[in-house]
Amino acid sequence: MPQDPSDEVKLLRSDSATARPGGRTARTGQAVMDATIAELSEVGYAALRIESVAERAGVNKTTIYRRWGDKAGLVATAFIERQGEASPPVDTGDLREDLLSFLREVRRAFDSPWITALIRETGPRSPGDGGIHEVLDKIWPARFALSRGIFAKGIARGDLPPEADPDFLVEAAAGPLYFRWLFLGRELTDDFLTRTADLVLRGAAGPQVATEPSGADGA
């Protein structure tokens with residue numbers, strides 16, 4: 001089992017058979033990825049069937065099962081291949097600009113019909129839950145590890161206090177976008193992204209500012 005979350009991404013990418021350009025294997029992999037995206041856009045994850053993907057791609061369903069294992073592995077690989085999940089976020093050296101770039105990336109994802117299909121079908125986890133959460137378990141750990149680097153680097157540069165929590169800050173930054181778009185159905189404007197970024201950064205710096213004047217023993 002991979003120890004680093006990014007290892008899951010590397011394994012999925014290498015298994016996609018699209019890493020090597022040219023040749024029948026690469027063309028087959030490309031056709032299957034295209035067919036998976038098309039099926040997701042049309043029917044969503046729950047109704048997606050391996051047989052339908054195989055028919056659309058012009059391959060035998062056993063080829064898909066052999067190479068990608070199951071529906072969760074297939075969809076996760078398609079997500080990673082199309083969205084460049086193995087690529088790290090931009091690193092300009094400016095924490096605010098890097099955060100805004102990350103928020104714009106989240107907004108762009110909402111413009112993809114097949115990604116919105118995944119998001120809209122996702123519900124709360126429950127004991128023994130599977131289905132779409134199997135896909136998310138393959139995608140989010142690696143994506144999360146990359147995104148937290150924005151704040152980890154900010155801490156290393158001294159832009160954020162040492163006690164800042166990168167994992168929490170990723171949730172605090174991306175959460176408002178999901179709520180506004182998914183639950184309120186409102187546009188993710190540039191102004192909203194800017195206000196979200198500034199609020200998160202002010203909050204991240206807040207504990208340090210609050211403890212310095214008092215001289216109290218802070219953690």
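Below, each value reflects all heavy atoms present in this structure, side chains not excepted, and no hydrogens, waters or symmetry copies.
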From L100 CG over to L201 CG, what is the distance, rounded to the nearest 0.5 angstrom? 8.0 Å
Show me the pairs that pass salt bridge (Lys or Arg N to Asp or Glu O under 4.0 Å) and involve residues 28-38, at least two apart or across chains. D34-R82
Is there a side-chain contact between V106 and Y178 (heavy atoms, below 4.5 Å)? yes
Not counting sequence neighbours, which residues clear ring pair (Phe, Tyr, Trp, His ring centres under 6.0 Å) with Y65? List them please. none
CG-CG distance between L103 and L188, expressed to the nearest 0.5 angstrom: 9.5 Å
Which atom names give the shortest non-hydrogen contact between A204 and P161, and what distance separates them? O-CG, 3.3 Å
Which heavy atom of E97 sits nearest a heavy atom of D94, and at what distance? N-OD1, 3.0 Å
Donor-acceptor contact present, side-chain K71 to main-chain Y45, <3.5 Å: yes
Test side-chain contact (heavy atoms from CB on, under 4.5 Å) applied to E171 - qualifying residues, sequence neighbours left out: F144
Please list, chain by chain and in numerical order, all residues satisfying side-chain contact (heavy atoms from CB on, under 4.5 Å) with A38, sequence neighbours excluded. R56
Nearest heavy atoms of S147 and F102, plus distance in Å: OG-CE1, 3.4 Å
Can you tell me how far CZ of R108 sits from CD of E105, rounded to the nearest 0.5 angstrom? 6.0 Å
Inspect the surroundings of CD in E55 and state if more than 12 heavy atoms from other residues, nucleotides or ligands are less than 6.0 Å away. no
Inter- and intrachain pairs under side chain to side chain donor-acceptor pair (under 3.5 Å), touching residues 180-201, at least two apart: R96-D198, R107-D190
Quick check: do L182 and F110 have side-chain heavy atoms less than 4.5 Å from each other? no
Does the side chain of S41 reach to within under 4.5 Å of the side chain of I37, using non-hydrogen atoms? yes
Would L99 and F151 satisfy side chain to side chain contact (heavy atoms under 4.5 Å, CB included), going step by step from the backbone distance to the final call? CA-CA 8 Å; L99 177 54; F151 299 105; 3.7 Å; yes
Output for pair (T36 OG1, L74 CG), nearest 0.5 Å, gives 3.5 Å
Looking only at non-hydrogen atoms, find the nearest pair between E39 and L48 and report the distance. CB-CD1, 3.7 Å
Side-chain heavy atoms nearer than 4.5 Å, only ILVMFWY residues, links allowed to pass through others: does that put L169 and L199 together? no
Could you work out, with side-chain contact (heavy atoms from CB on, under 4.5 Å) as the rule, every residue matching A57, not counting sequence neighbours? A31, V32, A35, V59
Smallest heavy-atom separation, P176 atom then A173 atom, equals CD-O, 3.4 Å
Apply the side chain to side chain contact (heavy atoms under 4.5 Å, CB included) test between I155 and each candidate in L160, L95, D165; give the one that qualifies. L160
